[in-house]
Visitor: 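One structure follows; several queries about it will come next.
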Amino acid sequence: MKNFKTDFSLMKILNIILISIISILIIMSTIALIALHWNLSRLEISFTPEGFNYYLFSFSQYKALFTGTIAVCAAYFGLQRVKVSEIANREKAKQDYFNEWRTVLQIRLSEIEKNNPIMFREIIRLRHSLYNILHEKKFNISNENDLNELLDNNIQTLIPTFEMNNKKYIKIGGVYRDVNHSYSFDSFRFVFWSMIETGYDNLNNDLKQYYITNMPNNRTISLIDYNAALNM
């Protein structure tokens, strides 16, 4: 993706240069045509083969200018065709990879659906957005900033919903054994790792900390009540 951005920037610069050259050449060619016809209008040119030949011959003094203008315009439009073809090929490759990525994600989601139906539904709804962000990063979460960017834009506000709609959360009554306990985090982590290819060393810890921080603040934390609910 970085190479694509570099190539795109170079293409953009080349486009600007070509457009500038084309604009100058078109202006010069227009001036040349006006000057040529102005001079010809002052001569008596008959509508005969000789007169037509003279008319065409008059253009020869600007031959290099007109040829250069046509050549540069052709080069510009050729470059645009290459650009469109390049983008189309990259989009096709991106879509093909999305189909593979989606298949892997779907398999993992199906394994957590029973206990986390809302998480299953919402991640399916967000998968295009998640894919586009991860595609930009080549499916590598290299630091905490990358992690926060991905989660802030898509997952953060959904974490309380994921947690409170977990089947075990509902069964236990929403009681937690300690401040780092979560009913839905393990399922989310399981799905999360199917979305990416590589992560940094402390990713699991940062991911859990992020998840715990964004769970409901008013949850009941009591080991005694938790054990009692668990044994009911």
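Here the structure is a predicted model, which is why all the values come from computation and not from measurement.
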Visitor: Any non-hydrogen side-chain atom of N165 less than 4.5 Å from a side-chain atom of P117?
Guide: no
Visitor: Taking the basic N atoms (NZ, or NE/NH1/NH2) and the acidic carboxylate oxygens, is any pair closer than 4.0 Å for R108 and E111?
Guide: no
Visitor: Could you pull out the closest heavy-atom pair between L151 and F192, with the gap in Å?
Guide: CD2-CE1, 4.5 Å
Visitor: So if I apply the side chain to side chain contact (heavy atoms under 4.5 Å, CB included) rule between I159 and each of M164, M215, M119, which one comes out positive?
Guide: M215
Visitor: Which pair of heavy atoms, one from Y131 and one from K94, lies closest together, and at what distance?
Guide: OH-O, 2.7 Å
Visitor: Evaluate I112 against L109 for side chain to side chain contact (heavy atoms under 4.5 Å, CB included), listing each step before the verdict.
Guide: CA-CA 5 Å; I112 62 100; L109 283 172; 4.2 Å; yes
Visitor: Pairs in or reaching into residues 211-232: which pass ring pair (Phe, Tyr, Trp, His ring centres under 6.0 Å), with residues at least two apart or in two chains?
Guide: H181-Y226, F185-Y211, F188-Y211
Visitor: Report yes if the side chains of E122 and F162 come closer than 4.5 Å at any heavy-atom pair, otherwise no.
Guide: yes
Visitor: With a 4.5 Å heavy-atom cut-off, do L130 and L150 have their side chains touching?
Guide: yes
Visitor: For D186, check salt bridge (charged side-chain N to carboxylate O under 4.0 Å, His left out) against everything at least two apart and list the hits.
Guide: R189
Visitor: Start with the C-alpha gap between Q106 and S110, add the side-chain angles, then the distance that decides, and say whether side-chain hydrogen bond (donor to acceptor under 3.5 Å, both in side chains) holds.
Guide: CA-CA 6 Å; Q106 190 72 35; S110 65; over 6 Å; no
Visitor: Tell me every residue that passes ring-ring contact (aromatic ring centres under 6.0 Å, His included) with Y169, counting only those two or more places apart in sequence or in another chain.
Guide: Y183
Visitor: What I'd like to find out is whether the side chain of T157 reaches to under 4.5 Å of the side chain of N214, using heavy atoms alone.
Guide: no
Visitor: Out of curiosity, W101 CH2 to M195 CE, how far, rounded to the nearest 0.5 Å?
Guide: 6.0 Å
Visitor: For E149, what residues pass the salt bridge (charged side-chain N to carboxylate O under 4.0 Å, His left out) criterion, not counting sequence neighbours?
Guide: K137
Visitor: Can you pull the salt bridge (charged side-chain N to carboxylate O under 4.0 Å, His left out) pairs that have at least one residue in residues 201-230, sequence neighbours excluded?
Guide: none
Visitor: Under 3.5 Å, side-chain donor or acceptor atoms of residues 21-32 against the rest of the protein: list the pairs with distances, not counting sequence neighbours.
Guide:
{"unit_1": "S23", "atom_1": "OG", "unit_2": "I19", "atom_2": "O", "d": "2.8"}
{"unit_1": "S29", "atom_1": "OG", "unit_2": "L25", "atom_2": "O", "d": "2.8"}
{"unit_1": "S29", "atom_1": "OG", "unit_2": "T69", "atom_2": "OG1", "d": "2.9"}
{"unit_1": "T30", "atom_1": "OG1", "unit_2": "I26", "atom_2": "O", "d": "2.7"}

